Amino acid sequence: MKTQISMNFIEELRWRGMIHDSIPGTEEFLNENKVSGYIGFDPTADSLHVGNLVPIMMLKYFQQAGHTPVALVGGATGMVGDPSGKSEERQFLSEEVLRYNQECIHKQLTHFLDFDPAIPNPARMVNNYDWFKDIGFLQFLRDIGKHITINYMMAKDSVKKRLEGDSGISYTEFAYQLLQGYDFLHLYQHEQVRIQMGGSDQWGNLTTGTYLISKKLGKEAKAFAVTCPLLTRADGQKFGKSAAGENIWLDPKKTSPYQFYQYWINTSDEDAEKFLRIFSLRGREEQQAIVQQHQEDPGRRQLQKTLAADITLLTHGQEALDKAIELSNFLFSRNTTREALQKLSLDQWEEVSRQSTDTISISRSRLEGGINIVDLLVELGITQSKGEARRSIEKDRSIRINTERWEDSSRQLNMQEVFHNRYFQIQKGKKQRFIVKVVE
RNA sequence: GGGGAGAUACCGAAGCGGUCAAACGGGGCAGACUGUAAAUCUGUUGGCUUAGCCUUCGUAGGUUCGAAUCCUGCUCUCCCCA
């Protein structure tokens with residue numbers, strides 16, 4: 001991963017549409033100094049998800065601009081809970097779970113940031129538990145609490161909303177901003193960090209940090225902050241969630257590269273250009289050319305394909321990307337007919353099934369005597385109930401076996417549909433494709 | 001502590017003794033049109049051994065030939081007064 005292109009970081013973010021707010025003077029300061037900057041990640045799950053990708057890309061561009069990115073995992077703050085954007089008090093996670101999650105997140109970040117100590121600005125990873133674990137409550141009150149007034153803390157939007165709301169806010173979450181502010185101060189003093197970045201919902205927390213630094217270290221101490229807008233989708237759905245509302249994870253075990261690729265390929269025209277700007281490492285001119293191509297021939301969906309390929313490459317690597325594309329082409333190509341499936345070798349089927357976590361299995365004994373199609377669809381979880389299965393077949397006419405429409409809900413399916421004694425395909429509608437593996 | 005309103009399917013919301021598996025809207029799924037876009041139009045959306053049967057209208061009982069609808073206890077939510 002080569003990341004040594006020097007550029008104006010803020011300018012870069014600007015054309016990519018990634019600036020929501022920044023402290024005055026940030027651009028000049030970054031142009032004159034190569035510094036360290038950080039973003040915090042919550043260790044609330046054992047994988048990052050697509051929603052975390054925006055801050056990750058910020059760090060990526062930060063590093064490309066010659067600065068040093070620091071990823072902070074909130075081992076301590078994660079134990080407390082950020083009230084920003086939350087209407088209710090958060091549940092605690094155990095220390096053990098948090099630690100495991102931190103490790104996983106660290107691993108994932110290495111895909112995006114260059115941690116190689118041989119380069120001048122290798123990325124670093126810190127965990128705020130390391131400096132919080134030894135601080136006593138009294139010490140914290142004297143060192144930090146003294147510098148910030150309650151008035152200041154209550155003026156924050158995140159706090160105000162909760163004070164107005166019904167469920168209130170606990171002292172713990174109220175104090176959260178002090179913890180995050182202290183993070184910045186600590187990193188400022190010990191890691192030469194001069195800027196904190198984050199989503200626009202973090203603005204209040206970031207400014208508490210810069211405020212604390214100036215209070216504690218004096219006016220000469222220069223600290224900056226930049227936030228990016230929260231990503232939205234034109235259709236109003238949450239960005240980074242599947243139709244079912246589940247997160248799209250970066251962990252290939254949770255969301256397969258194929259599914260990941262499919263998430264992006266399904267991006268609407270309206271969103272694709274915006275997303276490409278944020279997530280694609282391609283430069284401005286190149287992106288403009290792609291957008292133009294797309295406008296000339298939208299049917300080719302060059303924009304979505306580029307978007308999906310670029311992000312999948314970055315997240316999962318070349319090999320996984322190639323396979324995701326291959327599988328997508330195979331499953332969605334018009335040329336794929338029953339005959340084409342029949343021609344596939346067993347190895348090819350193995351390959352296809354390995355890539356897709358939409359692969360489901362059924363035991364040979366269930367199939368050999370013939371199984372009712374309705375029972376099969378329910379057993380495989382393709383439909384929720386037999387009623388739905390019948391509706392899909394007879395009313396919607398949306399079930400296809402090995403690309404051919406299945407018309408009769410009472411007809412039995414048997415080993416004749418199974419290729420190489422092992423695999424066959426089921427489609428429900430236009431977008432749901434399943435590889436079924438016959439197991440012993 | 002006193003008074004009032006309410007809890008209906010994935011969500012919102014009608015229904016106020018039979019014709020209610022429950023109007024309508026949203027969401028979901030599917031079909032048509034397309035480009036695995038968007039918009040639009042259409043169908044569908046508790047389960048089953050489907051001319052029928054079973055389970056659902058906060059929860060437990062009761063009244064009735066018959067209850068989502070009436071009565072009682074319980075739980076929870078919201079509002080007003082203190």
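Only a predicted model underlies this, so the values are computations on that prediction, with no experimental measurement involved. Lettering follows sequence order; numbering is per chain, from 1.
The gap from the C1' atom of B:C11 to that of B:G2 amounts to 35 Å, rounded to the nearest Å. Between B:A30 and B:G17, the distance separating the two C1' atoms is 39 Å to the nearest Å. Rounded to the nearest Å, the gap between the C1' atom of B:U36 and that of B:G12 is 31 Å. For the C1' atom pair drawn from B:C24 and B:G15, the interatomic distance equals 11 Å after rounding to whole Å. On the C1' atoms, B:U45 is 24 Å away from B:A7, given to the nearest whole Å. Between B:C80 and B:A9, the distance separating the two C1' atoms is 32 Å to the nearest Å. Nucleotides B:C79 and B:C70 place their C1' atoms 26 Å apart, quoted to the nearest Å. Here, B:G52 and B:A21 have their P atoms 12 Å apart, quoted to the whole Å.
Pair check for B:U40 finds B:A32; Watson-Crick or G-U wobble, both atom distances under 3.5 Å. When both distances must be under 3.5 Å, the Watson-Crick or G-U wobble mate of B:U69 does not exist. B:G52 is paired with B:C48 under the criterion used here, namely a Watson-Crick or G-U wobble arrangement in which both key atom distances are under 3.5 Å. The nucleotide B:A5 finds its pairing partner in B:U77, both defining distances of the Watson-Crick or G-U wobble pair being shorter than 3.5 Å.
Panel note: side chain A:Thr255, backbone A:Phe260; no donor-acceptor pair is recorded below 3.5 Å.
Classification of the A:Tyr171-A:Phe174 ring pair by plane angle, with boundaries at 30° and 60°, yields tilted. Using bins of under 30°, 30° to 60° and over 60° for the plane-to-plane angle, the ring pair A:Tyr423/A:Trp349 lands in the parallel bin.
For the pair A:Arg400 and A:Trp406, the cation-pi criterion (under 6.0 Å, within 45° of the ring axis) is not fulfilled. A cation-pi contact, defined as under 6.0 Å to the ring centre and within 45° of the axis, links A:Arg16 to A:Tyr61.
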Indicate for each nucleotide in nucleotides 30-36 of chain B, in 5' to 3' sequence, whether protein heavy atoms under 4.0 Å reach the base (B), only the sugar-phosphate (S), or nothing (-). SS-BBBB
Any chance you could list the contact pattern along nucleotides 45-50 of chain B? Use B for base contacts, S for sugar-phosphate-only contacts and - for none, protein heavy atoms under 4.0 Å, 5' to 3'. S-SSSB
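For the 3.5 Å distance criterion, the side chains of A:Thr383 and A:Lys428 fail to qualify, holding no donor opposite an acceptor. Checked by atom type, the side-chain pair A:Asn205/A:Gln177 shows no donor-acceptor distance below 3.5 Å.
Ionic pairing of A:Glu11 and A:Arg14 is present here: one or more N-O contacts between side-chain nitrogen and carboxylate oxygen are shorter than 4.0 angstrom.
When the ring pair (Phe, Tyr, Trp, His ring centres under 6.0 Å) test is applied to A:Phe41, no partner is found at least two apart in sequence or on another chain.
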